[in-house]
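These notes are about the structure you will find just below.
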Number of protein chains: 2
Amino acid sequence: MMSSKLIQMETVGQIIRAKRESLGLLLRQVASHLDIDQAILSKIERNERKPTKQNIIKLAEILKLDEEDLLVQFISERIAYEIADEDCASKVLKVAEQKVKYLKSNLVKN
Amino acid sequence: MMSSKLIQMETVGQIIRAKRESLGLLLRQVASHLDIDQAILSKIERNERKPTKQNIIKLAEILKLDEEDLLVQFISERIAYEIADEDCASKVLKVAEQKVKYLKSNLVKN
DNA sequence: ATATATTTGACAAATGATGTCAAGTAAATT
DNA sequence: AATTTACTTGACATCATTTGTCAAATATAT
């Protein structure tokens with residue numbers, strides 16, 4: 001039996017907009033909670049600007065989204081765009097994983 | 001039987017310095033080939049400055065290192081530092097891989 | 001039509017990336 | 001030990017990117 005996993009390839013912006021609208025919140029309401037201009041939030045939702053990590057955390061809060069999930073989407077999206085044009089993108093990710101493990105194992109100090 | 005892979009966790013800077021010295025080249029010689037001040041190269045080798053992608057390409061050339069290998073080390077190092085402090089680093093990399101695949105499959109259009 | 005919500009673009013400020021330069025230190029040579 | 005050669009350091013300059021403000025333009029809903 002074949003199991004197929006359907007990957008939902010929504011951007012963080014799309015996730016945010018969808019959830020905001022489903023909650024009936026206005027840009028200005030959400031934006032003021034994040035302490036940014038609604039223009040920026042508008043652009044974030046349309047992938048015209050990148051949110052900061054703090055933006056993401058506050059967005060998860062007000063939109064009742066799981067913070068870690070949203071952060072994972074956000075950071076992985078940033079990385080994916082960063083390396084998508086490299087031939088060796090997938091090798092890069094594998095090596096990065098080893099380096100992360102190494103760094104974490106030495107994170108005792110500092 | 002257990003196979004263990006020893007991961008060499010040299011930084012790009014260390015790789016470059018080691019190879020430059022083994023070739024008996026001076027900072028100033030290599031730097032001039034990269035068209036940068038030797039002070040920058042010195043800092044790159046000691047991980048005090050980040051090289052540009054162009055720097056890496058020229059370094060591979062003059063130091064007779066494999067360009068793709070060096071680029072992979074360089075980019076993965078950048079990414080590893082970027083996310084090493086996240087709890088969800090390894091989840092991030094897995095999701096990033098999916099996103100990259102998705103982006104590449106849609107890379108037909110621009 | 002009017003009011004409300006969103007989008008757009010010009011601009012500003014802060015931050016980060018990238019480089020120059022000269023003076024300081026370290027290492028090797030005479 | 002003095003000199004030369006190599007490397008390091010820090011102050012500074014320049015430029016690009018990020019992050020934000022604001023007001024006018026557009027779209028949507030009453």
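These numbers come from a predicted model, not from an experiment. Chain naming here is simple, since letters A, B, ... match the order of the sequence lines and numbering starts at 1 in each.
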ask   = Please give, in whole Å, the distance from C/dA17 C1' to B/I56 CD1?
value = 15 Å
query = Do B/R78's NZ or CZ and the ring of B/F74 fall within the cation-pi criteria of under 6.0 Å and 45°?
reply = yes
ask   = Heavy-atom contacts under 4.0 Å between residues 37-50 of chain A and DNA chain C, which residues?
value = A/Q38, A/A39, A/S42, A/K43, A/R46, A/E48
ask   = Of the nucleotides D/dT19, D/dC7, C/dT7, which has the atom closest to the B/R17 side chain?
value = D/dC7
query = Do A/Q38 and A/Q29 touch side chain to side chain, with heavy atoms closer than 4.5 Å?
reply = no
ask   = Does A/N47 have any side-chain hydrogen bond (donor to acceptor under 3.5 Å, both in side chains) partners at least two apart in sequence or in another chain, and if so, which?
value = A/T11
Integer-rounded Å distance: C/dC21 P and B/I36 CD1 = 14 Å
remark   = The reported gap from CD1 in B/I83 to CD1 in A/I75 (rounded to nearest 0.5 angstrom) is 7.5 Å
inquiry  = Restricting to side-chain hydrogen bond (donor to acceptor under 3.5 Å, both in side chains), what partner residues turn up for B/E77, sequence neighbours left out?
reply    = none
key: Interatomic distance, B/L27 CG vs C/dA28 P [rounded to whole Å]   = 14 Å
inquiry  = Can you measure B/E21 atom CD to C/dA27 atom P for me and round it to whole angstrom units?
reply    = 12 Å
inquiry  = Taking salt bridge (Lys or Arg N to Asp or Glu O under 4.0 Å) as the definition, give me every residue that meets it alongside A/K91, ordered by chain and number, with sequence neighbours left out.
reply    = B/E68
ask   = In terms of heavy-atom contacts, does CG of A/D69 have more than 12 from other residues, nucleotides or ligands at under 6.0 Å?
value = yes
inquiry  = Testing A/V92, A/I79, A/L93 one by one against B/E97 for a side chain to side chain contact (heavy atoms under 4.5 Å, CB included), which residue passes?
reply    = A/L93
note = Of B/L26 and A/P51, the one whose nearest nucleotide on DNA chain D sits closer to the 5' end is B/L26
request  = May I ask you to evaluate whether B/R78 reaches the phosphate of C/dA17, defined as a side-chain N or O under 4.0 Å from OP1 or OP2?
outcome  = no
inquiry  = Heavy atoms from C-beta onward define the side chain here; which of C/dT18, D/dG20, C/dT7 lies closest to that of A/N55?
reply    = D/dG20
Pairs flagged by salt bridge (Lys or Arg N to Asp or Glu O under 4.0 Å) wherever residues 48-63 of chain B is involved - sequence neighbours left out = A/E86-B/K53, B/R46-B/E48
Between the protein and nucleotides 25-30 of chain D, which nitrogen or oxygen pairs are less than 3.5 angstrom apart?
none

